Amino acid sequence: MARFRGEQYHHGEGERLGILLTNLGTPDAPTPSALRRYLGEFLWDRRVVEIPRPIWWLILHGIILRTRPKRSAAAYASVWSDEGSPLLAHGRRQAKALEAELDQRLPGPVSVALAMRYGQPSIRAGLEELHAAGARRILVLPLYPQYASATTGSTFEKVTEVLRDWRWVPEVRFVHQYHDDPGYIEALAASIREHWAEHGRPRRLLMSFHGIPEAGRDAGDPYFCHCHKTGRLLAEALELGPEEWQVAFQSRFGKAKWIEPYTDQTLTEWGREGLEHVDVVCPGFPADCLETLEEIGEENREYFQAAGGGAYHYIPALNDRADHIRALAALAARHTAGWPEAEQAPDPEAAEASRRRALELGAPD
């Protein structure tokens, strides 16, 4: 059996640019068994949990996967729809819209495939989809504006793991981060202005990002700084004063200390201050998911209002807003500059001439 995978190359066949649009992942269903599979894959990633493997295996399989799936399944059920999980539904719409936008923006053919780091559709499935479409050049675009080892770094590791078994490895470029991209910042600002036009301007705006362990930041992960720069640029775009906004971090897990301030504690404190109106936006989440809809939209609302706070609004993620898709398309176009499909339309006559020459030299048809 051949070690390396890959289909036979056919001279003169149409080639296209591939975009692998990735996000974190989702269980297949809001059930304990589906959550057990998903969490088992997610939490075993050494970039997500950096505890030594033997110790972590005992904790993961002896405690966490025995208790957490049932609780998580109930939370997922509260946000599930006929389209499945919100992250998957939004991801599919984002991929479709991005392909249409790039088709208008770039002269050559392009295919966009959605892939999840954990669960389905997998990164392997996404890469194989692009390969089958004839993509010999692939841009990996993780929907993580701020780089973290546990997200962007893990995605890079998985992509290379899959490609190491391919006979013909495609040209690959990788979007490392876009935390200060002007199009991304302006799309965020526009979504907030639109929300304020409908619901009124709050006393304070909380920008909540997913947390990471403090040890990761201290070891050199740039995520903490990326989040704060995004927050500062967004506050400047909205012309907010120092007392009108704050950055905080959500979704901490386990007993280790995570980067602060914590979102739930911040909102509880704001409630105790008696703030009559706050809004929360999650700039690090380009698509709504459990962490935005349930944790921010419901759980943290309860913390704020139970502590004495007033009106509370979660401002939705950018999802497939037109300005968000245009920002992603512009980002992809910059990162694919110089590749044939980004520079010129295909030449069928040249492709056919190449095919004839190859056949004359003995290449298989």
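All values reported here derive from a predicted model rather than from experimental measurement. Computation of the quantities below employed the complete heavy-atom set of this structure, encompassing side-chain atoms and omitting hydrogens, waters and symmetry-equivalent molecules.
Within 6.0 Å of CD in Glu276 there are more than 12 heavy atoms belonging to other residues, nucleotides or ligands.
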Mind running salt bridge (Lys or Arg N to Asp or Glu O under 4.0 Å) on Arg124 and Glu129 for me, showing each step along the way?
CA-CA 9 Å; Arg124 181 178 298 279; Glu129 178 184 335; over 6 Å; no
Decide side chain to side chain contact (heavy atoms under 4.5 Å, CB included) for Leu20 and Ile123; before the verdict, give the C-alpha distance in whole Å, the side-chain angles of both, and the deciding distance to 0.1 Å.
CA-CA 8 Å; Leu20 187 69; Ile123 284 178; 4.3 Å; yes
Quick one: do Leu114 and Thr22 satisfy side chain to side chain contact (heavy atoms under 4.5 Å, CB included)? Show the steps, please.
CA-CA 6 Å; Leu114 176 67; Thr22 76; over 6 Å; no
Evaluate side chain to side chain contact (heavy atoms under 4.5 Å, CB included) for Asp45 paired with Tyr118, printing each intermediate quantity in order.
CA-CA 10 Å; Asp45 187 339; Tyr118 315 101; 2.5 Å; yes
Would Phe174 and Leu141 satisfy side chain to side chain contact (heavy atoms under 4.5 Å, CB included), going step by step from the backbone distance to the final call?
CA-CA 6 Å; Phe174 199 94; Leu141 175 49; over 6 Å; no
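Nearest approach of Gln94 to Pro286, heavy atoms of both residues: NE2-O, 3.1 Å. Nearest heavy-atom pair across Pro261 and Gln246 is CG-NE2, 3.5 Å. Of all the heavy atoms in Ala34 and Pro27, the pair that sits closest is O-CB, 4.0 Å.
Sorted by first then second residue, the salt bridge (Lys or Arg N to Asp or Glu O under 4.0 Å) pairs that include residues 21-37, not counting sequence neighbours, are Asp28-Arg37. Sorted by first and then second residue, the ring-ring contact (aromatic ring centres under 6.0 Å, His included) pairs with a member in residues 260-287 read His277-His313; sequence neighbours excluded. Among residue pairs with one or both ends in residues 60-78, those qualifying as side-chain hydrogen bond (donor to acceptor under 3.5 Å, both in side chains) are Trp57-His61; sequence neighbours excluded. Applying the salt bridge (Lys or Arg N to Asp or Glu O under 4.0 Å) test to pairs two or more places apart or on separate chains, none has a residue in residues 50-61. The stretch residues 181-202 participates, sequence neighbours left out, in these side-chain hydrogen bond (donor to acceptor under 3.5 Å, both in side chains) pairs: Gln146-Tyr184, Asp181-Arg334, Glu186-Arg193, Glu194-Arg321, Trp196-Asp279.
Between Glu171 and Arg136 no salt bridge is recorded (no basic side-chain N to carboxylate O distance below 4.0 Å). Ionic pairing of Asp320 and Lys96 is not present here: no N-O contact between side-chain nitrogen and carboxylate oxygen is shorter than 4.0 angstrom.
Note: the hydrophobic cluster containing Leu88 does not contain Leu290 (ILVMFWY, side chain heavy atoms under 4.5 Å, direct or indirect links). Met116 and Leu35 are members of different hydrophobic clusters when ILVMFWY side chains are connected at heavy-atom separations under 4.5 Å. Under a hydrophobic-cluster definition in which Ile, Leu, Val, Met, Phe, Trp and Tyr are linked whenever side-chain heavy atoms come within less than 4.5 Å, directly or via other members, Val280 and Val247 are assigned to different clusters. In the hydrophobic cluster analysis, where Ile, Leu, Val, Met, Phe, Trp and Tyr join through side-chain heavy atoms closer than 4.5 angstrom, Ile259 is grouped apart from Leu206. Note on Ile51: it does not cluster hydrophobically with Ile63, by side-chain heavy-atom contacts below 4.5 Å among ILVMFWY residues.
Between Leu24 and Cys289, every side-chain heavy-atom pair lies at or beyond the 4.5 Å cut-off. Counting only heavy atoms from C-beta outward, the side chains of Ile325 and Glu101 approach each other to under 4.5 Å. Phe253 places none of its side-chain heavy atoms less than 4.5 Å from the side chain of Val48. Inter-residue side-chain proximity for Ser111 and Glu99 is flagged as met; some heavy-atom pair is nearer than 4.5 Å. At least one side-chain heavy atom of Val140 sits under 4.5 Å from a side-chain heavy atom of Val172. The shortest side-chain heavy-atom distance between Val175 and Leu139 falls under the 4.5 Å cut-off. The side-chain heavy atoms of Pro109 and Leu17, taken from C-beta on, include no pair separated by under 4.5 Å. Between Trp44 and Leu60 there is a side-chain heavy-atom pair separated by less than 4.5 Å.
Panel note: side chain Thr151, backbone Ala148; a donor-acceptor pair is recorded below 3.5 Å. In terms of modelled atom types and a separation under 3.5 Å, the side chain of Asp221 and the main chain of Tyr223 share a donor-acceptor contact. With hydrogens and angles disregarded, no donor-acceptor distance shorter than 3.5 Å links the side chain of Thr336 to the backbone of Trp339. Glu243 places no side-chain N or O within donor-acceptor distance of the main-chain N or O of Arg204, the cut-off being under 3.5 Å.
For the side-chain hydrogen bond (donor to acceptor under 3.5 Å, both in side chains) test, no residue two or more places apart in sequence or in another chain qualifies with Tyr38. Qualifying salt bridge (charged side-chain N to carboxylate O under 4.0 Å, His left out) partners for Glu291, counting only residues two or more places apart in sequence or in other chains: none. With sequence neighbours excluded, the residues satisfying side-chain hydrogen bond (donor to acceptor under 3.5 Å, both in side chains) with Lys229 are Asp180. Legend: residues meeting side-chain hydrogen bond (donor to acceptor under 3.5 Å, both in side chains) with Glu343, ordered by chain and number and at least two apart, are absent. Annotation: side-chain hydrogen bond (donor to acceptor under 3.5 Å, both in side chains) contacts of Glu341 (sequence neighbours excluded): Arg137.
Side chain to side chain, Thr155 and Arg117 fail the donor-acceptor criterion of an N or O pair below 3.5 Å.
The distance from atom CG of Leu102 to atom CG of Leu328, rounded to the nearest 0.5 Å, is 9.0 Å. Note that CG of Leu87 and OG1 of Thr26 are 6.0 Å apart. Values are rounded to the nearest 0.5 Å.
Cation-pi geometry between Arg217 and Trp258 is not met: the NZ or CZ atom fails to fall both under 6.0 Å from the ring centre and inside 45° of the normal.
Ring centers of Trp168 and His131: at least 6.0 Å apart, outside the cut-off. In summary, the aromatic rings of His226 and Tyr147 are positioned with their centroids too far apart to meet the 6.0 Å limit.
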Listed pairs under 3.5 Å, donor-acceptor, residues 296-309 side chains, sequence neighbours left out:
{"unit_1": "Glu299", "atom_1": "OE2", "unit_2": "Tyr303", "atom_2": "OH", "d": "2.8"}
{"unit_1": "Asn300", "atom_1": "ND2", "unit_2": "Glu295", "atom_2": "O", "d": "2.7"}
{"unit_1": "Arg301", "atom_1": "NE", "unit_2": "Gly297", "atom_2": "O", "d": "3.0"}
{"unit_1": "Arg301", "atom_1": "NH1", "unit_2": "Tyr312", "atom_2": "O", "d": "2.9"}
{"unit_1": "Arg301", "atom_1": "NH2", "unit_2": "Gly297", "atom_2": "O", "d": "3.3"}
{"unit_1": "Gln305", "atom_1": "NE2", "unit_2": "Gly310", "atom_2": "O", "d": "3.0"}

Quiz: residues 207-216 side-chain donor-acceptor pairs under 3.5 angstrom, not counting sequence neighbours:
{"unit_1": "Ser208", "atom_1": "OG", "unit_2": "Gln250", "atom_2": "OE1", "d": "2.7"}
{"unit_1": "Ser208", "atom_1": "OG", "unit_2": "Thr263", "atom_2": "OG1", "d": "2.8"}

